[in-house]
Each structure stands twice: as structure tokens, then as C-alpha cells.
**Q** 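This is the structure, below, for whatever I ask next.
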Amino acid sequence: MELFEQKEMMRLKRPEVVINVFASMDGRMTTAPGHNVMEWTSYGVDGKANDEAHKRYDELNCDALVSGSESLIVWSSDWVEFKNPITTPQKSKAYIVFDGRGRMDWAQTDGLIVVTRENVSEDYIEQLETKGITYIKAGDGEKIDIELALEKLYELGFRRLGISGGGTINGAFLRAGVVDEISVVLAPLAIGGKTTPTIFDGENLESIQQAVPLELVEVKPVGNKGAVWVYYRVKKYNGI
């Protein structure tokens, strides 16, 4: 068997990964560090980008949503109430949270799957088991082994994951080389800022050869105030 075919077979042992987010036109994920991005929707300034992004999960056939614990901590500490409900994806069978440090004290457990590390605290595992939460251990280093986690999620039956978190988890998946598609609804806002989270936060690149090349699939205006949906497929080759 050719090496390329072997790599393709190995790749198919994990779910496809779709980054699906809404952000400002300059790629900012919040107003400022520690802010809940949902305030854009609450104030009616995002051009329905939030709701349009949620609609994409079903349109892109995502069978589960994935987030990082960091996003949940920010959302809960800066809670935002909505006058009108946001679209709820119907094809998603689970909400998968990557919590490598075991920081979450879980209250809502329906449909929840937690991904953590082999060397997370015993107290955290006890919490998950006591509350009947399905969990996966992947990696015993400082961070979750993303590729191993995806293999285990594939074994659980997931085939297409929609990443719905912030810049940290998006950046981690991008650097791990496991992102297949990128869907972004750009809100008609310019945010700026030196430390404001972006779509992809993570380690700096050392050269242009490490950049991730993309192929445009679709672009169109959405919402009611000038939001734009851009949809890319990640090209599968090394180098620019």
C-alpha cells in the first residue's frame, strides 16, 4: 500500500473537524478579554451573526458540538441573557468539552461528554463518575492529546465535529493539523485590541511554510445588518 493511502486510512479513523464560529470582521472573538461574546447579540449589534453561525452546524452536518472549558468559564462569569432564543442545532448528539485541567464543576450534564487527561486529578474523575458524565482520557502530558481524543470520539460513533469554542481551542486544533473546514460568520463590527482573543490563538509560527492554506468553498451575506459567511476547506498538502 502506498504511503499516501496509508495516511488517508489513518486520517479517516478520526471525525472530520469543522471550526464554526462568529467573530468581528477583524477576527476578534469577544469585545475584550473576559467578556462574553454573547453581549454582541444581546445589544443587537452582531447582525444576527451568532444565530447564523448556529444554523451552520446543521447545514454542515455536525453530529456534535465541541468547546473548551475556558469558554465555559468566561460565559458563566460574564453571563448574558437573551430576549430571543438562539437557534439550537438539531443534528448534534452531544456537547463535548475539552477540560484537560479538570476545572469544571458540572451542573448541567445532559448530553455531555468530557475529554480530559490521564493525569487529571482523582477528585475530578470522581466528580464525573458520581454525576454519571461520560468522559474520555487522552494523553498524560501537560495538555490533552487531541489526535488521540479524536480517535476515541470516532470509536464512540462521531463522524463530524463542529468546534464551537474560543480562540484557544481553535488554535490548538489548528496547530494539531486536524482541522478540515473553517466556517466563520463575520459580524459587522471592528473590535481591535492587543490581547483580545482571535479566531485562532496559539503559538506563533516560525515561517510561512507552516501557515495553513485554504480553499474557498462559499461566501455570502447573512443576517440583517451586513454579516458575511465565509466557508473554507483546508488544503491537504505540505507547504505553501
Side-chain angles (χ1 to χ4, degrees), residues 6-21 23 27 29 56-57 60-75 92-104 106 111-121 124-125 128 133-184 197-206 209-214 232-238:
Q6 291 177 341
K7 288 183 177 180
E8 284 298 295
M9 288 184 65
M10 292 176 64
R11 186 182 72 83
L12 292 175
K13 291 182 180 179
R14 68 165 176 82
E16 293 180 317
V17 173
V18 182
I19 300 291
N20 181 52
V21 297
M29 295 289 286
R56 302 279 96 75
Y57 291 114
L60 298 173
N61 295 311
C62 298
D63 58 11
L65 306 186
V66 178
S67 184
S69 58
E70 185 69 33
S71 294
L72 298 187
I73 290 171
V74 171
W75 294 338
S92 175
K93 299 180 291 186
Y95 187 53
I96 302 168
V97 178
F98 279 59
D99 185 19
R101 287 184 276 174
R103 296 185 293 173
M104 299 299 298
W106 295 105
L112 176 66
I113 296 177
V114 172
V115 180
T116 190
R117 298 175 299 146
E118 292 282 353
N119 51 344
V120 75
S121 71
Y124 188 61
I125 296 301
L128 298 177
I133 298 171
T134 300
Y135 66 91
I136 292 170
K137 291 182 177 180
D140 57 4
E142 294 183 358
K143 298 179 180 179
I144 292 171
D145 184 328
I146 292 176
E147 291 185 82
L148 178 57
L150 291 178
E151 289 178 8
K152 292 187 174 184
L153 289 170
Y154 186 91
E155 291 173 359
L156 290 179
F158 297 103
R159 296 294 180 265
R160 195 163 163 84
L161 304 178
I163 312 299
S164 62
T168 300
I169 190 169
N170 292 346
F173 273 69
L174 187 73
R175 289 290 181 260
V178 297
V179 176
D180 299 287
E181 299 172 12
I182 300 173
S183 163
V184 183
T198 66
I199 297 174
F200 295 105
D201 286 334
E203 299 297 326
N204 294 329
L205 295 180
E206 296 179 357
Q209 283 77 18
Q210 295 173 311
V212 177
L214 307 176
Y232 291 96
R233 184 174 294 112
V234 175
K235 291 184 177 181
K236 297 296 180 183
Y237 64 84
N238 295 323

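Predicted model only: the values in this text are computed from it and were never measured. All values below were derived from every heavy atom in this structure, side-chain atoms included, with hydrogens, water molecules and symmetry-related copies excluded.
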**Q** Go through the steps for Asn20 and Ile182 under the test side chain to side chain contact (heavy atoms under 4.5 Å, CB included), then give the verdict.
**A** CA-CA 6 Å; Asn20 181 52; Ile182 300 173; over 6 Å; no
**Q** Please tabulate, for the side chains in residues 111-120, all donor-acceptor contacts under 3.5 angstrom to protein atoms that are two or more places apart in sequence or on a different chain.
**A**
unit_1: Thr116; atom_1: OG1; unit_2: Asp99; atom_2: O; d: 2.9
unit_1: Arg117; atom_1: NE; unit_2: Gly100; atom_2: O; d: 2.7
unit_1: Arg117; atom_1: NH1; unit_2: Asn119; atom_2: OD1; d: 3.4
unit_1: Arg117; atom_1: NH1; unit_2: Gly141; atom_2: O; d: 2.8
unit_1: Arg117; atom_1: NH2; unit_2: Gly100; atom_2: O; d: 3.3
unit_1: Asn119; atom_1: ND2; unit_2: Asp140; atom_2: O; d: 3.0
unit_1: Asn119; atom_1: ND2; unit_2: Gly141; atom_2: O; d: 3.4

**Q** Could you give the distance from CD1 (Ile19) to CG (Asn170), rounded to the nearest 0.5 Å?
**A**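 Here the interatomic distance stands at 4.0 Å.
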**Q** Is there a side-chain contact between Leu150 and Phe173 (heavy atoms, below 4.5 Å)?
**A**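 Leu150 reaches Phe173 side chain to side chain.
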**Q** Taking the side chain as every heavy atom from C-beta outward, state whether Leu60 and Ser183 have any pair of such atoms under 4.5 Å apart.
**A** yes
**Q** Any idea which heavy atoms bring Gly68 and Val97 closest together, and the distance?
**A** C-CG1, 4.1 Å
**Q** Is the backbone of Lys137 close enough, under 3.5 Å, to the side chain of Lys152 for a donor and an acceptor to pair up by distance?
**A**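 Yes, the answer is positive, given that a donor and an acceptor are paired below the 3.5 Å cut-off.
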**Q** If you apply the rule side chain to side chain contact (heavy atoms under 4.5 Å, CB included), what do you find for Phe98 with Ile96, and how did you get there?
**A** CA-CA 7 Å; Phe98 279 59; Ile96 302 168; 4.0 Å; yes
**Q** For residues Ser67 and Gly165, report the shortest heavy-atom separation together with the two atoms involved.
**A**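 Smallest heavy-atom distance, with atoms named: OG-CA, 3.7 Å.
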**Q** Would you say that Val212 contacts Phe200 through its side chain, given a criterion of any heavy-atom pair below 4.5 Å between the two side chains?
**A** no
**Q** How close do Tyr57 and Ser164 get, counting heavy atoms only, and between which atoms?
**A**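 Minimum heavy-atom separation between Tyr57 and Ser164: OH-CB, 2.8 Å.
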**Q** Does Leu156 reach the side chain of Ile136, with side-chain heavy atoms less than 4.5 Å apart?
**A** yes
**Q** So, do Asp180 and Arg14 sit near enough that their side-chain heavy atoms are less than 4.5 Å apart?
**A** yes
**Q** Please list all pairs passing the salt bridge (Lys or Arg N to Asp or Glu O under 4.0 Å) test where one or both residues lie in residues 157-167, with sequence neighbours left out.
**A**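 Those involving residues 157-167 are Glu16-Arg160, Arg160-Glu181.
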**Q** Suppose the criterion is salt bridge (Lys or Arg N to Asp or Glu O under 4.0 Å): which pairs have a residue in residues 167-177, not counting sequence neighbours?
**A** none
**Q** Give me the atom names and distance for the closest heavy-atom approach of Asp63 to Gly157.
**A** OD2-O, 4.1 Å
**Q** Specify the closest pair of heavy atoms between Leu65 and Ser92, including all atoms of both residues, with the distance to one decimal.
**A**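 Distance-wise, the nearest heavy atoms are N-OG, 3.5 Å.
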**Q** Shortest non-hydrogen contact from Phe158 to Ala94?
**A**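 Smallest heavy-atom distance, with atoms named: CZ-CB, 3.7 Å.
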**Q** Are the side chains of Met29 and Asp201 in contact, using a 4.5 Å heavy-atom criterion?
**A**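 Not in contact.
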**Q** Between Trp106 and Leu128, does a side chain to side chain contact (heavy atoms under 4.5 Å, CB included) hold up when you go through it step by step?
**A** CA-CA 8 Å; Trp106 295 105; Leu128 298 177; 3.7 Å; yes
**Q** Tell me, do Tyr124 and Arg101 make a side-chain contact under 4.5 Å, heavy atoms counted?
**A** no
**Q** Working to the nearest 0.5 angstrom, can you tell me the gap between Leu174 CG and Ile169 CD1?
**A**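 Answer for the CG-CD1 pair, Leu174 versus Ile169, is 12.5 Å.
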